[in-house]
Amino acid sequence: MQTFDIVVVGGGLVGASLALGLADSGKRVALLEGQTGRFADLEQGWDARVYAVSPANRAFLDSLSAWPAMDRVGTIDTMRVRGDQGGVIEFDRQDAGSEALAWIAENRWMLAALWHRLEESSVTLLTGHTPIALATTALDATLTLDNGEVLQSSVVVAADGANSWIRKETGIEASVKPYGQSGVVANFACERPHGNIARQWFFGDSVLAWLPMAGNRISIVWSTFQPERLTALDDETLAVTVAEAGGRELGAFTTLTPGQAFPLRLIRPERTVSQRVVLAGDAAHTVHPLAGQGVNLGFQDAALLARLLGAARDPGDWMVLRRYERERREAVRTMQMTCDGLFTLFHGRDLPGLPWLRNTGLSLTNRLTPLKRYFARQAIG
Ligand SMILES: Cc1cc2nc3c(=O)[nH]c(=O)nc-3n(C[C@H](O)[C@H](O)[C@H](O)COP(=O)(O)OP(=O)(O)OC[C@H]3O[C@@H](n4cnc5c(N)ncnc54)[C@H](O)[C@@H]3O)c2cc1C
């Protein structure tokens with residue numbers, strides 16, 4: 001049996017950043033990741049999975065010295081959103097009072113940056129194994145792994161993603177609302193410079209985002225009810241389809257990574273803490289990607305947990321876990337409701353006047369500077 005203060009299950013962006021954030025806390029920390037292979041070797045090729053990282057979360061990753069090299073990172077200075085009947089809103093970094101609205105970074109390169117640092121840290125890294133049993137008492141939690149190893153700790157953090165095994169094993173029920181849509185992601189080289197502008201179109205039955213990457217490249221998330229129409233296309237036809245959907249604003253496209261589809265769901269667990277167990281990242285919440293905020297919520301979970309667990313004498317103490325749950329509840333609920341509300345507003349076809357309302361709302365907000373500034377600040381988290 002190995003004994004730790006904190007065991008983090010799941011070495012994705014949220015679990016890895018949390019483990020690294022705890023590395024210098026004086027606590028004995030283990031990070032258990034089910035996949036094999038060296039995550040630090042992931043710095044290769046273009047990754048279609050990219051994230052719009054908010055300024056607050058960039059500061060968190062900077063504080064861990066785990067921000068990827070800037071030649072792989074795109075900057076969003078301006079965000080331009082268009083409705084399905086001419087509505088438009090545009091805000092920029094000045095509206096938000098920030099250096100940038102967000103930065104666009106690839107999943108693999110961010111993971112590699114975190115795992116490089118983890119390999120040099122005091123964190124015990126256990127890869128290629130998953131837990132098969134979890135038992136908790138008032139004093140500790142015990143995980144049995146598929147290779148027979150046993151890990152005992154004051155607290156187990158579930159950062160094992162949307163289908164969290166720990167969440168299920170703990171008996172925490174989660175409400176799951178499938179959107180019926182998938183997010184199709186792909187990367188393209190474009191003919192004309194993107195000007196650090198993120199472009200988004202609400203088409204009525206789908207939402208398309210063009211996100212500026214480093215150089216003359218963009219990454220897209222196209223949330224659609226018919227993902228197979230995109231994933232079945234060859235590279236050339238996909239490039240033409242995506243360029244035309246955005247009115248060829250950036251000229252012709254060349255496909256860098258083919259379309260990959262991810263089913264979209266809203267997941268809301270009834271609680272995010274249980275005896276000696278705490279949920280973080282997608283294990284604790286998912287949101288529709290139309291606001292690009294999923295991983296941002298997860299990084300904020302990690303930053304708060306690193307602070308609370310790192311400072312507590314007993315990191316699994318019920319009061320510590322409850323404090324985390326209370327402090328995160330409002331931000332998570334607001335983001336889930338906002339994204340869900342926008343999804344309904346821009347996909348509702350049955351209510352007469354709804355298309356008018358949403359487009360007029362966008363254009364009106366665009367003209368009301370204080371309201372626009374308010375939304376810009378909310379958007380950057
Ligand atoms: C199409 C799409 C586009 C998105 N775009 C954005 C965006 O632009 N911006 C944004 O902020 N968010 C976006 N998101 C959301 C984002 O992908 C997630 O919020 C983020 O990946 C969650 O990170 P995580 O570390 O919590 O979980 P995950 O990334 O799922 O990581 C979980 C880790 O746990 C490991 N694991 C799982 N089970 C076990 C187990 N039993 N034992 C051990 N290890 C285990 C897995 O191998 C994995 O490494 C998007 C999502 C989708 C679907």
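Atoms within each ligand, like the ligands themselves, are counted from 1 in listed order.
Per-residue contacts place Val9 under 4.0 angstrom from the following atoms of ligand 1 (heavy atoms of the residue considered): 42 (N), 43 (C). Listed by number with element, the atoms of ligand 1 under 4.0 angstrom from any heavy atom of Gly12 are 25 (O), 31 (O), 33 (C), 49 (O). Counting atoms of ligand 1 from 1 in the listed order, those under 4.0 Å from a heavy atom of Ala52 are 8 (O), 9 (N). Remark: ligand 1 atoms within the under-4.0 Å shell around heavy atoms of Pro131 are 41 (N), 42 (N). Close approach of ligand 1 to Asn296 (heavy-atom distance below 4.0 Å) involves ligand atoms 11 (O). The atoms of ligand 1 that sit less than 4.0 Å from any heavy atom of Gly281 are 26 (O). Using a 4.0 Å cut-off to heavy atoms of Val295, the atoms of ligand 1 that qualify are 10 (C), 11 (O), 12 (N), 19 (O), 20 (C). Residue-ligand proximity, Val50 to ligand 1, at heavy-atom distances under 4.0 Å covers atoms 7 (C), 8 (O).
With Trp46 contributing its side chain and Ala186 its backbone, the two residues share no donor-acceptor pair below 3.5 Å. A donor-acceptor pair under 3.5 Å is formed between the side chain of Asn296 and the backbone N or O of Ser54. Without hydrogens or angle criteria, Thr137 side chain to Asp140 main chain gives a donor-acceptor distance under 3.5 Å.
The heavy atom nearest to atom 51 (C) of ligand 1, out of those in Gln35, Lys168, His129, Arg49, is found in Arg49. When Val14, Val185, Asp146, Ile104 are checked for heavy-atom proximity to atom 25 (O) of ligand 1, Val14 turns out nearest.
With hydrogens left out, the protein atom closest to atom 37 (C) of ligand 1 is Asp160 O, 3.4 Å, a heavy atom. When only non-hydrogen protein atoms are considered, atom 53 (C) of ligand 1 lies nearest to Phe262 CB, 3.4 Å. Regarding atom 3 (C) of ligand 1, its nearest protein heavy-atom neighbour is Pro289 CB, 3.9 Å. Considering only non-hydrogen protein atoms, atom 16 (C) of ligand 1 sits nearest to Tyr51 CE2, 3.4 Å. Among all non-hydrogen protein atoms, the one lying nearest atom 30 (O) of ligand 1 is Gly161 CA, 3.6 Å. Among all non-hydrogen protein atoms, the one lying nearest atom 35 (C) of ligand 1 is Glu33 OE1, 3.2 Å. Protein heavy atom closest to atom 9 (N) of ligand 1, with residue, atom name and distance, is Gly292 O, 3.1 Å. Shortest contact from atom 40 (C) of ligand 1 to any protein heavy atom: Thr130 CG2, 3.8 Å.
A side-chain N or O of Glu325 and one of Thr272 form a donor-acceptor pair less than 3.5 Å apart.
Other residues, nucleotides and ligands contribute only 12 or fewer heavy atoms inside 6.0 Å of the CD atom of Glu99. Counting heavy atoms of neighbouring residues, nucleotides and ligands inside a 6.0 Å radius, atom CZ of Arg229 does not exceed 12 of them. Counted within 6.0 Å of CZ on Arg28, heavy atoms from surrounding residues, nucleotides or ligands total more than 12; the atom is thus considered enclosed. When the shell of 6.0 Å around CG of Asp24 is examined, it contains 12 or fewer heavy atoms from other residues, nucleotides or ligands. The 12-atom threshold is exceeded at CZ of Arg322, counting heavy atoms of other residues, nucleotides or ligands nearer than 6.0 Å.
Glu106 is linked by a salt bridge (Lys or Arg N to Asp or Glu O under 4.0 Å) to Arg72, counting only residues two or more places apart in sequence or in another chain.
Backbone and side-chain nitrogen or oxygen atoms of Gly34 are examined, and one is located within less than 3.5 angstrom of a nitrogen or oxygen of ligand 1. For ligand 1, the polar-atom distance check finds an N/O of Asp282 within less than 3.5 Å of one of the ligand's N/O atoms.
Residue-level proximity to ligand 1 for Ala159 is carried by the backbone, the only part with a heavy atom below 4.0 angstrom. Residue contacts with ligand 1 for Leu13 involve N, CA, C or O but no side-chain atom from C-beta outward (heavy atoms, distance under 4.0 Å).
For residues 257-288, every residue pair satisfying the ring-ring contact (aromatic ring centres under 6.0 Å, His included) rule, not counting sequence neighbours, is listed here: Tyr179-His288, His288-Phe343.
Under a 4.0 Å N-O distance rule, the pair Arg276/Asp314 qualifies as a salt bridge.
The residue from Thr78, Asp77, Asp92 that alone fulfils the side-chain hydrogen bond (donor to acceptor under 3.5 Å, both in side chains) condition with Asn196 is Asp77.
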